[in-house]
Novice: 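Okay, here's the structure, questions in a sec.
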Amino acid sequence: MQDFVQHLINGVSLGSIYALIALGYTMVYGILKMINFAHSDVYMVGAFAAYYFARWIGIENDPGLSTLLTLIVVSMICCSLLGLVIERLAYRPLRNSPKLNVLITAIGVSLFLEYSGQVVFGADPKVFPEVMKDFVIFSIGNVEVRSFDVTVLVVGLLAMLALQFLLFKTKIGRAMRAVSANPMVASLMGVNPDRIIAFTFVVGSSLAGVGSVLVGMKYPKIDPLMGMMIGLKAFVAAVLGGIGNVGGAVLGAMIMGLSEEMVVAYLSSTYRDALAFGILIVILIFKPAGLLGKYSVEKV
Amino acid sequence: MSAPLLKVENLDVFYGSIHALKGVSFEVNQGEVVSLIGANGAGKTTTLRAISGIVPCNGQLHFKDQNLKTVSTFRRVGLGIAQSPEGRGVFPQMSVLENLEMGAYSRNDAAGIKKDLEMCLELFPRMKERLAQMAGTLSGGEQQMLAISRALMAKPQLLLLDEPSLGLAPLIVAQIFDIVKKLNQEGMTILLVEQNARMALKISHRAYVLECGRMIMQDTAQNLLNNDVVRKSYLGV
Ligand SMILES: Nc1ncnc2c1ncn2[C@@H]1O[C@H](COP(=O)(O)OP(=O)(O)O)[C@@H](O)[C@H]1O
Ligand SMILES: [Mg+2]
């Protein structure tokens, strides 16, 4: 039982990380109806941006809250800029092109970033700065609540609440939902869809930036291909929740995080990555719209 | 006489190789209700789309003496042109209130927005009880009322209405046309697109008849109601 509670904590912590990345996939899908395969590589670049920035200002061995926050902000800024550039240069020119062209372009951007990363950063893993000390905050019996997990949970939760606020309580959030529902009608209301789309990339990419620092803290080895597996899992989480649905992405990510933790704990760590593919296949067969995905109830 | 509020000259629109509008010209004066009538596929919706800037066009478009073609779609709303699109286009997953707030997207005068919201709710009391309801769950008539109020929330000087009667029961259609008439009496200039020519002509000052992308007739609404060709082809007499 105590073991189970421990795995629960770990699973939710892992799930929050998947959620931060899954949100970027789902938001871009919601607004452009495309899978931004480059998203996981934006995340990777965020990790490297934080790594180099920490070394540059000399805080790579200076664990603490201020280091954590500084690196999160730096990574968010770099990721949003990169997301903005990708949208502007690669996707916007294809706004009226067939879906397949956009899809292939997205894969191209992803490969471009992965291999440029190997050239620029080097292919071998780097050790991420020590963002925070990992210590046991409190323990009940065998169950340990560690500072890393609490940090991941708190930061993840704050980011998701901020997103919730942005989407549902602000004018620009309302415009994002309007463009995602019907860009033509939204532009009849005076919305500039291009601007809203660019902003969506900024928001999604900066959430990936937050995720990259949290992952760097927890698993401090970064390399230019680090986005592939986590990106895949976050993508599966988004599909599981119902791609395009923000609440669904968080739900899907939690299910992914928890089931991965449980599979490793009670079955075998061999199945860790197979699980994601298994879940993807099962959803695509039984519930292709995802758990919360539904076809809109527009009346004609 | 002062210059027309909207002046359209030689409008041409292509959808790929389909020539949907062929040199359409007309004008709308301040304070008028002008109808564009015509059969399905005549090019009515395309005309409104060109005015709002959703489809590219050739020809001249002037609004308040300003060349509209230099103004991007999303700026035309701020200039004073709002449209209630064909098929209503409400945002189904947003509440009625949020839909109305979207209508006021181009404005920044919080006090004025609040006043216009009250005005809309007075005009369409049904919206008032349903402010928190998702727009997708409204009936067709309610969605049409929402689409019109949403356009009004932009505080337009020219209101474009695309087939407000489409698919609605006669009683609801009569209600909606009453409200359109009332809006005009309070000073709103309206360009109304309709297949329901009889209803449209009854509340219009002037009307134009579109056929296969060409303007084939124009006259006062009264004369068109008595015109033999119109009576035969569009009024079913
Ligand atoms: N998006 C589009 N793509 C191609 N053809 C279109 C499109 N929209 C309208 N058309 C064509 O343009 C013509 C005019 O259509 P429309 O303006 O919708 O007519 P109306 O509103 O009078 O029924 C029709 O022949 C229609 O088939
Ligand atoms: Mg039409």
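Note on naming: letters A, B, ... go to the chains in the order of the sequence lines (proteins, then strands), and numbering restarts at 1 for each one. Only a predicted model underlies this, so the values are computations on that prediction, with no experimental measurement involved.
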Novice: Below 4.5 Å, heavy-atom pairs only: which of B:Gln83, B:Glu101, B:Arg49, B:Arg75 has the largest tally toward chain A?
Specialist: B:Glu101

Novice: Step through the shown structure and confirm whether more than 12 heavy atoms of other residues, nucleotides or ligands are within 6.0 Å of NZ on B:Lys64.
Specialist: yes

Novice: Does B:Glu122, at its CD atom, have more than 12 non-hydrogen atoms belonging to other residues, nucleotides or ligands within less than 6.0 Å?
Specialist: no

Novice: Has A:Arg88 got more than 12 heavy atoms of other residues, nucleotides or ligands less than 6.0 Å from its CZ?
Specialist: no

Novice: Is it the case that atom NZ in A:Lys33 sees more than 12 heavy atoms from other parts of the structure closer than 6.0 Å?
Specialist: yes

Novice: Please determine whether the number of non-hydrogen atoms from other residues, nucleotides or ligands lying under 6.0 Å from atom CG of B:Asn67 exceeds 12.
Specialist: yes

Novice: What's the spacing between B:Glu98 CD and A:Lys171 NZ if we round to 0.5 Å?
Specialist: 14.0 Å

Novice: Are there over 12 heavy-atom neighbours, none belonging to B:Arg130, within less than 6.0 Å of that residue's CZ?
Specialist: yes

Novice: Would you check if A:Val191 and B:Met102 make a side-chain contact, meaning some heavy-atom pair closer than 4.5 Å?
Specialist: yes

Novice: As an exercise: rank A:Ala181, A:Ala178, A:Ala175 by heavy-atom pairs under 4.5 Å with chain B and give me the winner.
Specialist: A:Ala178

Novice: At what distance, to the nearest 0.5 angstrom, does CZ of A:Arg174 lie from CG of B:Leu97?
Specialist: 7.5 Å

Novice: Using the side chain to side chain contact (heavy atoms under 4.5 Å, CB included) rule, take B:Arg150 and A:Leu188 through it: C-alpha gap first, then chi angles, then the decisive distance, then the call.
Specialist: CA-CA 10 Å; B:Arg150 187 179 58 182; A:Leu188 283 180; over 6 Å; no

Novice: Atom CE of A:Met189 and atom CE of B:Met153: how far apart are they, to the nearest 0.5 Å?
Specialist: 11.0 Å

Novice: Is B:Gln93 close to A:Asn245 at the side-chain level, that is, under 4.5 Å between some pair of heavy atoms?
Specialist: no

Novice: Above 12 or not: heavy atoms from other molecules or residues under 6.0 Å from CZ of A:Phe168?
Specialist: yes

Novice: Show the nearest heavy-atom pair for residues A:Val185 and B:Phe91, with the distance to one decimal.
Specialist: CG1-CZ, 3.8 Å

